[in-house]
Structures are given as structure tokens and as C-alpha cells.
Number of protein chains: 2
Amino acid sequence: MKKIVLPKKEDFIPHLAYDAVIFGFNGTELKIVVLEYQKTHHFALPGGFVQYNQNLDDAVYQSVKNRTGLTDIQLEQCHTFGNQKRRNKKVLKDICKVHDHQINDDHWLLDRFISVCYYALLNFEEVTLQSDGLSDSIGWYSLDELPELILDHKEMVSKALEVLQKNLDEKLVGMNLLPEKFTMKDLQTVYESILQKKLVRTAFQRKILAKDILVRHEKKYTGKAHKAPYLYSFNSA
Amino acid sequence: MKKIVLPKKEDFIPHLAYDAVIFGFNGTELKIVVLEYQKTHHFALPGGFVQYNQNLDDAVYQSVKNRTGLTDIQLEQCHTFGNQKRRNKKVLKDICKVHDHQINDDHWLLDRFISVCYYALLNFEEVTLQSDGLSDSIGWYSLDELPELILDHKEMVSKALEVLQKNLDEKLVGMNLLPEKFTMKDLQTVYESILQKKLVRTAFQRKILAKDILVRHEKKYTGKAHKAPYLYSFNSA
DNA sequence: TATTATTGTATCTAACCGATACAATAGAAA
DNA sequence: TTTCTATTGTATCGGTTAGATACAATAATA
């Protein structure tokens with residue numbers, strides 16, 4: 001078991017954390033990044049702490065970038081969770097125990113934390129997930145197959161999805177979740193997995209085309225025995 | 001000039017504040033509460049700090065309650081402002097100077113603060129505004145007659161209004177802004193001042209009545225020479 | 001060449017909104 | 001009392017939009 005190094009108190013604003021619900025689309029369904037603290041069976045959203053000389057937004061962006069290797073990330077703030085019971089006592093102690101690391105009861109990470117939750121949208125295919133210094137494993141999970149998450153992280157996922165749904169029609173959400181070129185069906189599947197309901201194909205196509213946000217390219221021949229769909233890209237770039 | 005007492009470091013979570021955009025409706029237009037630190041010409045949103053054993057939401061609620069004397073308040077979180085430049089140095093020093101109060105450069109209130117912004121909706125007529133220990137004056141201001149506000153408080157007002165607009169159709173916003181009984185015109189004026197645009201009278205009435213959220217009561221005779229409108233109340237209580 | 005699944009688009013209908021019209025007031029003016 | 005005026009409540013017409021249905025145009029297979 002590798003030695004772990006906890007974040008140092010003097011580097012970060014105390015009692016303040018952030019967590020990110022990182023959404024990716026694998027072509028079929030929406031997935032989010034969840035990490036597991038090794039051997040402890042504690043699952044959590046990726047998160048971190050804010051340095052004294054760092055903007056909150058930048059801290060979150062850096063963290064998501066480090067976790068995923070990507071720089072093209074759509075970040076939106078969802079909600080700040082400030083319940084006084086938000087503390088990591090058991091989780092952190094378990095982690096330290098597993099790693100044979102001494103931790104005092106008055107360690108700053110055992111205190112109460114306020115956490116600002118963000119969602120991130122990015123291109124699933126380009127991601128290579130990186131574990132961090134706390135030596136955890138990390139992976140993609142479907143929304144309906146999430147493991148039990150620590151603290152209020154489950155609530156964060158709900159809130160993130162809720163905010164994402166509200167933003168869907170005005171924020172060109174597909175842009176960061178899809179590859180450069182995609183079919184109308186791809187886009188519809190993205191919408192359906194975010195809204196968690198089926199959409200009417202013909203009405204969806206009509207509505208999206210009327211928005212005038214797509215450029216139509218060549219057809220995509222999949223080898224299947226039916227009419228080939230057009231490829232599209234977003235024209236807003 | 002009265003002696004001031006600054007909040008004590010040991011009572012509150014450092015670097016964490018909240019601010020509230022308190023909306024009231026005076027029958028004609030939307031107003032918000034702004035306070036002025038006496039003689040310093042610094043105007044600010046009412047805000048405060050979170051105690052170690054206090055939920056964030058509760059802290060904000062208590063603060064708004066203390067400022068307004070009301071308990072029936074609709075509170076919604078808008079956004080958390082985390083720019084590293086958010087510090088009150090000049091403002092606080094000016095206040096202390098005016099009050100002949102010594103403050104050290106390393107005072108905790110001079111540090112960087114992250115602030116969680118909320119909006120509050122309440123019944124304008126029932127409010128009696130209370131100044132607080134920092135000995136400031138406090139009053140209602142129209143959105144289009146706001147004085148210059150400290151830090152990013154102007155941005156907070158914009159964000160609050162934006163979130164309020166988004167919530168307008170699903171959150172029964174009128175309930176806390178209007179008295180128990182009100183006319184259709186009153187409700188329409190509330191909607192118009194929030195959305196900052198004129199609405200079509202007949203369509204508005206039709207839409208609201210179709211929602212089935214109002215109970216119709218007796219007519220309201222204003223003494224004017226025209227048909228008297230009905231009074232309504234919300235039925236969701 | 002016929003078959004099959006899928007795509008792109010047109011058409012029909014129901015719901016909804018803005019615009020318009022108009023009757024029903026409540027009080028003032030004549 | 002009668003007339004007048006401003007406002008309110010509601011009905012109706014026309015345009016827009018979404019769901020439902022229909023159907024032609026494929027791309028590969030049988």
C-alpha cells in the first residue's frame with residue numbers, strides 16, 4: 001500500500017470544498033465519474049479544495065482537467081451544500097487506516113465542510129481518467145447503477161442533473177458531450193438521457209433544425225441496411 | 001458615533017459569507033433591501049457569516065428574519081461567488097475609521113471571502129427593517145435606482161433576478177410577494193416587474209386561471225369608476 | 001430485384017398565445 | 001335618472017408549435 005499525502009492545511013481555505021459531477025456520453029447513455037477510495041468501499045464524486053490565491057471556478061476547472069486530461073470542458077455551478085453535518089470523519093479515518101497513516105482527531109480535513117457542487121460536460125471518448133494522490137480508483141458509472149456515495153454526494157448528482165435539464169435548451173449542451181460530427185439520432189439520445197424520457201423523433205428533428213445551430217455535412221454510412229443519416233456539427237464555433 | 005462590535009473570529013467559519021437579495025413588492029414595482037454603512041457611502045446587500053454549528057440555509061434565514069422581522073420568507077440559493085479578489089479591505093477599514101475602531105491588517109474580516117448569494121421573497125407591507133450591530137442604515141431601493149454597491153454585489157442582484165425569472169413559472173413566486181388577497185392586475189404587475197417586460201392582459205389571466213392555483217373571492221371596490229376586479233388568494237396552502 | 005430498417009420531410013390535428021372584440025360593470029358626470 | 005368612461009372578464013379568430021401519422025428515399029441484404 002502506497003504512502004498517502006493529505007492536502008496541507010496551510011495551502012487551502014479551510015471548511016471549503018468543491019465536488020464535480022462529470023458527465024460523459026458513451027454514445028448510448030449518460031455516465032458520470034465516481035472514484036473509490038481503495039479497500040474502503042467508499043465511493044465519492046471527484047472534488048477538492050480551493051487554494052488561497054485561486055478562484056473557485058479555476059480550482060474546479062483545474063481539478064476536472066487533471067482528472068480527465070481534457071481542456072475543453074463546460075462547467076456550470078449547481079448548488080452549494082452547507083449542512084453542518086457535512087464532515088468526512090469516518091471516511092477519512094478509514095482511508096488513513098487502510099494506508100497505515102496517522103491522523104489526529106483535530107485534523108482540518110475532519111472538520112465541517114461547505115461544498116460547492118458543479119457539473120462538467122466533456123467528450124467521453126477523449127478522456128483518460130487519472131487517479132490522484134489519495135490513491136483511489138476512478139471510473140465511469142451509469143446514473144442508474146451508481147454505488148452508494150458518501151455524504152450528500154447522491155443529492156449532488158440529483159441537483160446536477162436537475163440543473164443540466166433546466167439548462168438543456170439554452171446552453172448547447174450537446175456540444176461538449178458529442179464528438180465533432182454526430183448524427184441527429186446521437187443528439188436525440190443525448191437529450192433523452194439528460195431528460196430521462198423518450199422524445200418524438202420527427203418533432204425533435206424539426207425543433208433542432210429550426211434552431212439553426214447545426215451545419216449538415218456528408219452522410220454517415222454505417223454498413224447497416226437502411227438509409228444513411230447525415231452528419232452534423234454545431235455552427236456556433 | 002456609537003461603538004461598533006465586529007463579529008468574533010472564533011464564532012464563525014472563516015472565509016465564508018452569505019448575502020441576500022431581499023425582494024419586496026410595494027404594489028407597483030419590485031424593490032430590494034440595501035444597507036448603507038453610515039458616513040462611508042458604502043452600500044451593500046445584507047449578509048453575514050455562518051456559525052460552526054449552524055446550517056448555511058438556517059444562517060441566511062435567521063439573518064433575513066432579523067433584518068425584516070418576518071418569518072414567512074421564500075429563500076432560494078442563487079450562486080456562490082468565489083473570486084479570489086473578493087475581500088472587504090477598504091470598506092471595512094473605512095467603517096472602522098468612521099467609528100474610531102482599531103483594526104489590524106491581519107483581522108479575519110479583511111481576508112478573502114467566498115459568498116453564497118440567496119434571494120428572499122417576502123411581503124413588503126409587513127416588513128420593518130432593522131439595522132444591525134454594525135450600525136448601518138437600511139432601506140428599500142428600486143432595481144433601476146440602485147446606488148453603487150460594494151464588491152460584486154451588483155452582480156449578485158443580476159444573478160438573483162435571473163434565477164428568480166427562471167423560477168417564476170414553477171415556484172408560485174407571487175405567494176410571498178403579495179398580501180393574502182390580491183387582484184389579477186396585482187399578480188400581473190408582479191410578473192411584469194420580475195420579467196421586466198409587459199405581458200398581454202387577457203393571455204396572462206387565461207394562463208394563470210388555467211393553472212388552477214387561485215381561489216376567487218369577493219370583489220374589490222376601489223371607488224374608481226369602472227368594473228371592480230375579483231380578489232384572489234393562492235389555493236396551495 | 002425484392003426486402004428491411006431507418007431517415008428526412010410533409011401533413012393533419014390539438015394546444016397555446018397574441019390580438020381583437022365585446023359585454024358587464026362601478027362610479028362620475030350630465 | 002341617464003349617459004359616459006375606464007377597467008375587467010371572457011369569447012373568438014389566426015398564427016405558431018408539438019405530437020401523431022404517413023410516406024418517399026435510401027443502403028445494404030436476401
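Chain letters run A, B, ... following the sequence lines, proteins first and then strands; every chain starts at 1.
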Checklist line | Comparing A:A225 and A:T183 on DNA chain C - which has the more 5′ nearest nucleotide | finding: A:A225
Next item on the list: Please report, rounded to the nearest Å, how far the C1' atom of C:dC22 is from the CZ atom of B:R201.
Entry: 11 Å
Item checked: Spacing of B:H226 atom NE2 relative to D:dA6 atom C1', expressed in whole Å -> 6 Å
Notebook entry, point to check: Under 6.0 Å from the six-membered ring centre of A:Y232 and within 45° of its axis: does the NZ or CZ of A:R216 meet both?
Noted result: no
Check: Counting just side-chain N and O atoms, does A:K219 come under 4.0 Å of either OP1 or OP2 of D:dA27?
Finding: yes
Check: Out of C:dT25, C:dA19, D:dT10, which has the shortest distance to the side chain of B:R206?
Finding: C:dA19
Margin query: Measure NZ/A:K207 against P/D:dT16 and give the value in whole Å, please.
Written below: 19 Å
Note to self: Please compare A:V200 and B:A228 by the position of their nearest nucleotide in DNA chain D and report the one closer to 5'.
What the structure shows: B:A228
Check: Where the side chain of B:T202 is concerned, which of C:dT9, C:dT20, D:dT8 is the nearest nucleotide?
Finding: C:dT20
Next item on the list: Quickly work out the A:L209 CG to C:dA10 C1' distance and round it to whole Å.
Entry: 14 Å
Notebook entry, point to check: If you look at every strand shown and take non-hydrogen atoms under 4.0 Å, does A:T222 touch a base, only sugar-phosphate, or nothing?
Noted result: nothing
Next item on the list: Would you please classify the geometry between the A:F204 ring and the A:Y191 ring as parallel, tilted or perpendicular, with 30° and 60° separating the classes?
Entry: perpendicular
Check: Does A:Y18 have its ring centroid less than 6.0 Å away from the ring centroid of A:Y118?
Finding: no
Check: Roughly how many Å is it from NZ in B:K220 to C1' in C:dG27, rounded to a whole number?
Finding: 16 Å
Checklist line | Euclidean distance, atom CG of residue A:L199 to atom P of D:dA18 [Å, nearest integer] | finding: 12 Å
Next item on the list: Rounded off to whole Å, could you give me the NE2-to-C1' distance for the B:H217 and D:dG9 pair?
Entry: 17 Å
Notebook entry, point to check: What is the distance, rounded to the nearest whole Å, between atom NZ of A:K185 and atom C1' of D:dA27?
Noted result: 16 Å
Checklist line | Ionic contact status for A:K65 with A:D58, cut-off 4.0 Å | finding: no
Next item on the list: Give the minimum heavy-atom separation between A:F23 and A:W140, together with the two atoms involved.
Entry: C-CZ3, 4.1 Å
Check: B:Y221 has a side chain; which of D:dG9, C:dA19, C:dG27 sits nearest to it?
Finding: C:dG27
